[in-house]
Novice: 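Questions regarding the structure given below will be posed in turn.
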Amino acid sequence: MDFKEAPYVRPDFASIKKQLATYTTALQGADDPDTALAAATSANQLINDYSSQAMLAQIRHSIDTNDHFYDEEDTYWNDNAPLYENEERKYKAAVVASPYQEVLGQIYPEPDIMGMKNDLKMANEAIIPLQQKDNALISEYSKLIASAQIDFAGKVLTLAQLGPYMQDPDRHTRKAATEAYWGFYTAHEADFDRIYDDMVKVRTEIAHTLGYKDYSELSYVYMNRFGYDEKMVAQYRQTVLEKVVPLTQKQYAKQAKRLGLNKLAYYDLPVAFKSGNAKPQGTPDQLVDTAQHMYNELSPETGELFALMVQNHLFDLLAKKGKQGGGYCEYIPSLKNPFIFANFNGTSGDVDVLTHEFGHAFQTYSARWIKDGLSTFPTFEAAEIFSMSMEFITYPWMHGFFGDAVEKYQYNHLESALEFLPYGILVDHFQHEVYTHPEMTPAERKATWRKLEQQYNPERDYSENEALARGIYFFRQGHIFESPFYYLDYTIAQVLAYQFWKRFNVDHDPEAWHDYTTMAHAGGSQTLMELIKTGHLASPFEPGALDDTLTAISQALDSVDDQALDK
């Protein structure tokens, strides 16, 4: 179905509650496998249907936060999603307790059942008002970001539309653009401080109400971190600090040399080359056509899916007034199709979106055989393997997007992926400190961010910007506000994606695509650790797991005359 024609009807909660209760009772009273399966099938279809309506409302609201109808629907779901979740937990308790687990496995794979057990640990109606408040705060943050209208270069721009100016080869231009960008955050510093302070308090109260010492501990439950724990993550963070940060500082020194600078200022960091970063060639429509050609050549399956998504308007790519920031991919169970949201702004990030988010899209579409539509995605960190790996898998086709600047793009992309790791770990470490010390004031939180930033990203020199030196940078990281503790998942996935980078681009492993697609097909039917085995990858938590890939990345970057690329 064409996304533009997909009907949205606000569900009737009272009716949904009654129907779900009926199926729950039937499952609890089932005295044979067929009866249990019939009840679960009906309940699963009901949940898929109303979850799809919630997704349609969320997507359309994110495309235009000024749309009055979907703004009201966003408020409805903020208030009512916790109520739906509360009713679902009653059904999930019946699923978990059913003696017919084997037949229910036709709908719910084992990781699904594990996730249900985790979700049941949050079965407490006392947290519903807190969840509603948290949802409202998330919407307030998103609307604040979307409201940005910045006067620059004779235009009125959104934050995303400032991106090309912040990467301008002319240092004065990029400095002015970067100052304008951070000027928005500085002007609204009190708003961001208040929103986040309220979030921390609400989320801490949720954790305490559920019997957890803090929200950080609770995060390992609601994020479904199966097969690893907080101690392993702390060691992983230390490994990145010790092994990756020295490599990134080497790269930043090379970047400064390319730019003809003794030292990088904060507004220099987005610019990899004095001659300017590689930019995609062509209009947005031409980029989509190039991507279609690329995916046709990659495999019949990727080509068919991309064409299907274009035909059915399952993309919204252009940055525009009132649109939320960032990019994402959703899988809509009722449509059995993914949807990709982005903010094209004329930078290489436009191509990254077409590969990253399509990696998600391909994975969920491959796993649409799973009857629980919410389990086509695996757990968060596993889901990001497919998006980040797709960025590397498509390297051989980048010439179509960048022409003669393709080597410049690939060098900068690989370099940026390496530089992302410490930043991703910084985001996770910061949240751990925030939620284990919820009594911190907004000023103390910003000071904590800056202290950790100096450990993981010592290249950041804010001597020319007092607000950034004070620690406001994290305001721009939507995940901290909207999806707490998600950022760790990107780093885990990045380490695994590096392995696919090496297999595809260095080793030219003929089995790499087979392993990738086999993992994609498995989707949420396997845990992270199971998917790692399926894909013949090494766990990021194994001692020395980073060593081989870091060596290969360093060798790849060192083998390139980066000065020669700057032309």
Novice: So is R203 actually on top of Y435's ring, under 6.0 Å and inside 45° of the axis?
Specialist: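 The answer is no; the distance or angle limit is not met.
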Novice: I'd like to check the side-chain contact (heavy atoms from CB on, under 4.5 Å) partners of T448; sequence neighbours left out, ordered by chain and number.
Specialist: F430, E433, M440, L452
Novice: Please test E140 against L144 for side chain to side chain contact (heavy atoms under 4.5 Å, CB included), starting from the C-alpha separation and ending with a verdict.
Specialist: CA-CA 6 Å; E140 185 179 1; L144 181 56; 5.7 Å; no
Novice: With R258 as the cation and F273 as the aromatic partner, state whether NZ or CZ is under 6.0 Å from the six-membered ring centre and within 45° of the axis.
Specialist: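 Yes, R258 lies over the aromatic ring of F273.
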Novice: Are Y215 and Y222 near enough that their ring centres are under 6.0 Å apart?
Specialist: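 Yes; Y222 has its ring centre under 6.0 Å from that of Y215.
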Novice: Centres of the W501 and Y498 rings: under 6.0 Å?
Specialist: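 No, ring centres 6.0 Å or more apart.
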Novice: For T65, which residues count as a side-chain hydrogen bond (donor to acceptor under 3.5 Å, both in side chains) partner, sequence neighbours excluded?
Specialist: none
Novice: Please determine whether side-chain hydrogen bond (donor to acceptor under 3.5 Å, both in side chains) holds for the pair S463 and D461, giving the CA-CA distance in whole Å, both sets of side-chain angles, and the decisive distance to 0.1 Å.
Specialist: CA-CA 6 Å; S463 57; D461 177 6; 2.9 Å; yes
Novice: With a 4.0 Å cut-off, would you call D193 and R445 a salt bridge?
Specialist: no
Novice: Taking the six-membered ring for Trp, are the ring centroids of F475 and H188 within less than 6.0 Å of each other?
Specialist: no
Novice: Is there any ring pair (Phe, Tyr, Trp, His ring centres under 6.0 Å) pair reaching into residues 331-355, and which pairs are they, with sequence neighbours excluded?
Specialist: F3-F339, Y328-F341
Novice: Given 3.5 Å as the limit, does a donor-acceptor pair link the side chain of D285 with the main chain of T283, or not?
Specialist: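 Not confirmed, D285 side chain does not pair with T283 backbone.
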Novice: Can you check whether R470's main-chain N or O pairs, donor with acceptor, with Y462's side chain at less than 3.5 Å?
Specialist: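 A pair under 3.5 Å: no.
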Novice: Could you give me the CA-CA distance, side-chain angles and deciding distance for E189 and K446, then say whether salt bridge (charged side-chain N to carboxylate O under 4.0 Å, His left out) is met?
Specialist: CA-CA 11 Å; E189 183 172 357; K446 286 180 284 194; 2.5 Å; yes
Novice: Looking at every heavy atom in both I63 and D316, which two are closest together, and how far apart are they?
Specialist: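 Heavy atoms only, the tightest pair is CG2-OD2, 3.7 Å.
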Novice: Would you say the ring centers of F380 and Y490 fall short of 6.0 Å from each other?
Specialist: no
Novice: State whether K254 and E415 are salt-bridged, where the test is any N-O pair (Lys NZ or Arg NE/NH1/NH2 against Asp/Glu carboxylate O) under 4.0 Å.
Specialist: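 Salt bridge absent between K254 and E415.
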Novice: Please check this pair: side chain of N412 against backbone of K408, looking for a donor-acceptor N/O pair closer than 3.5 Å.
Specialist: no
Novice: When you measure from the side chain of K323 to the backbone N and O of L318, does any donor-acceptor pair fall under 3.5 Å?
Specialist: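 Flag set: sc K323 to bb L318 pair under 3.5 Å.
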Novice: Suppose we call two aromatic rings close when their centres sit under 6.0 Å apart. Are Y395 and F392 close by that rule?
Specialist: yes
Novice: Within 45 degrees of the ring normal and closer than 6.0 Å to the centroid, is that where the cationic atom of R60 sits relative to Y8?
Specialist: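 Relative to the ring axis of Y8, which defines the angle, R60 lies outside at least one limit.
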